[in-house]
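One structure is given here, and the rest of the page talks about it.
In this text the structure is predicted, and so the values were computed from the model without any measurement. One-based numbering, in listed order, for ligands and for the atoms of each. Note: hydrogens, waters and symmetry copies are ignored here, and every other heavy atom, side chains too, is used.
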Amino acid sequence: MKAEFILSAVHPDQFPDTGLPEIAFLGRSNVGKSSLLNALAGLKGLARVSSTPGRTQAINFFRIEGAPGGKSAGGFACCFADLPGYGFAKVPMALKRSWRALADAYLERDAPGMSCLLVDARRGWMESDLELKDWLDASNRQYVVIATKYDKLNQKERHQVLKDLRGQGAEPVPFSAVTGQGVRELWQTISTTISQ
Ligand code: GTP
Ligand code: MG
């Protein structure tokens with residue numbers, strides 16, 4: 001698999017027109033979007049992972065090529081879009097609004113592809129997640145719900161969170177960037193969805 005950074009957009013005018021199906025990664029600040037993207041691409045340092053919530057302030061675009069999970073290139077290409085996280089209280093209001101405007105513009109563009117809605121498995125649905133889910137349900141965009149940081153939960157908590165996520169009509173993919181759980185399943189979902 002080959003992965004390369006395309007550009008970082010802070011304004012809708014800068015969104016690249018790659019002609020490729022786009023996979024958007026959406027979720028609260030610190031939920032693990034960049035880590036998941038790196039795990040999928042099989043490259044640790046592709047998207048910047050940070051311990052400071054709210055670090056990704058632009059939409060970062062990456063070109064991904066090759067057989068999902070495999071070593072060979074060719075046969076498959078898509079574009080990953082790492083969106084800014086939402087819902088982090090310590091960010092100034094003005095910044096929050098500009099992030100929101102950027103994410104809205106991106107989603108309204110409705111490029112071919114799908115979205116990945118990441119939910120922290122330790123918290124389950126939060127209000128801001130549900131708002132985004134409602135938006136996705138009302139749009140034509142296909143999406144998959146992912147329960148991140150699954151490695152941090154014990155058996156009982158795992159059972160609970162899956163029940164909570166399913167309660168909103170989603171079939172979540174349990175995911176851990178630490179153990180790699182869910183990588184193969186997610187690639188399977190992505191390649192099936194975008195080749196439809
Ligand atoms: P923003 O870009 O700030 O919105 O954050 P993000 O959603 O991209 O999260 P990021 O991938 O930067 O991860 C945030 C923190 O969670 C980092 O400290 C990661 O190491 C940690 N983290 C991410 N995924 C996992 C996971 O699957 N398991 C565990 N244990 N930690 C994780
Ligand atoms: Mg990030």
Side-chain angles (χ1 to χ4, degrees), residues 3-10 15 22-64 69 79-107 115-133 136 143-158 160-162 165 172-187 189-190:
E4 63 183 22
F5 173 71
I6 303 173
L7 60 79
S8 188
V10 293
F15 294 162
E22 283 183 15
I23 321 299
F25 299 91
L26 306 161
R28 290 171 61 82
S29 199
N30 208 43
V31 70
K33 296 175 295 298
S34 301
S35 302
L36 179 141
L37 191 153
N38 288 340
L40 282 182
L43 283 170
K44 276 217 165 68
L46 187 66
R48 192 151 160 207
V49 171
S50 86
S51 50
T52 317
R55 183 55 74 84
T56 310
Q57 302 193 2
I59 302 183
N60 293 317
F61 292 89
F62 304 88
R63 186 188 162 85
I64 308 292
C79 174
F80 280 179
D82 189 10
L83 270 81
Y86 49 82
F88 186 63
K90 282 186 190 154
V91 169
M93 201 39 126
L95 248 189
K96 255 189 213 169
R97 277 201 211 97
S98 70
W99 290 4
R100 175 71 199 247
L102 189 68
D104 282 349
Y106 175 79
L107 289 168
S115 295
C116 296
L117 174 54
L118 281 65
V119 178
D120 192 324
R122 294 169 304 174
R123 297 165 187 263
W125 290 118
M126 304 213 27
E127 207 179 308
S128 46
D129 300 322
L130 289 171
E131 267 174 38
L132 191 54
K133 184 180 177 295
L136 290 165
Y143 69 94
V144 58
V145 173
I146 299 161
T148 64
K149 308 192 185 183
Y150 209 60
D151 57 283
K152 292 200 175 188
L153 274 59
N154 64 33
Q155 272 311 326
K156 193 173 164 214
E157 292 164 334
R158 289 179 176 191
Q160 268 304 321
V161 75
L162 294 184
L165 296 175
V173 177
F175 193 91
S176 167
V178 172
T179 66
Q181 177 177 1
V183 171
R184 206 183 311 146
E185 190 182 348
L186 196 51
W187 261 129
T189 304
I190 291 172

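Each of the following atoms of ligand 1 lies closer than 4.0 Å to a heavy atom of Gly85: 4 (O). Of all the atoms in ligand 1, the ones that sit under 4.0 Å from a non-hydrogen atom of Ser176 are 27 (O). Close approach of ligand 1 to Ser29 (heavy-atom distance below 4.0 Å) involves ligand atoms 3 (O), 4 (O).
Judged by distance alone, the side chain of Asn38 and the main-chain N or O of Ser35 form no donor-acceptor pair under 3.5 Å.
Taking the six-membered ring where tryptophan is involved, the planes of Tyr106 and Phe61 are tilted, since the angle between them lies from 30° to 60°.
Shown here for Leu153 and Arg158, the closest heavy-atom pair between the two residues is O-NE, 3.2 Å. In plain terms, the two heavy atoms of Ile6 and Cys79 that are nearest each other are CD1-SG, 4.1 Å. The nearest pair of heavy atoms linking Ala147 to Leu165 is CB-CD1, 3.8 Å. Nearest approach of Asp82 to Phe62, heavy atoms of both residues: CB-CE1, 4.1 Å. Closest non-hydrogen pair, Leu117 versus Lys133, comes out as CD2-CB, 3.9 Å.
Counting non-hydrogen atoms of other residues, nucleotides and ligands closer than 6.0 Å to CZ of Arg184 gives a total of 12 or fewer.
Ligand 1 has no nitrogen or oxygen under 3.5 angstrom from a nitrogen or oxygen of Thr148. An N or O contact shorter than 3.5 Å links Ser35 to ligand 1 by distance. Not a single N or O atom of Tyr150, backbone or side chain, sits closer than 3.5 Å to an N or O atom of ligand 1. Taking distance alone, with nitrogen or oxygen atoms compared against 3.5 Å, Asp82 stays at or beyond that limit from ligand 1.
Within the 4.0 Å heavy-atom cutoff, Gly27 does not count among the residues contacting ligand 1. Heavy-atom separations between Val31 and ligand 1 include at least one value shorter than 4.0 Å.
Heavy atoms of Asp151 found under 4.0 angstrom from ligand 1 belong exclusively to the side chain.
The distance from the Mg ion (ligand 2) to the nearest N/O/S atom of Ser35 is not under 2.8 Å.
Taking each of Gly32, Ala177, Gly182 in turn, the one with a heavy atom nearest to atom 9 (O) of ligand 1 proves to be Gly32.
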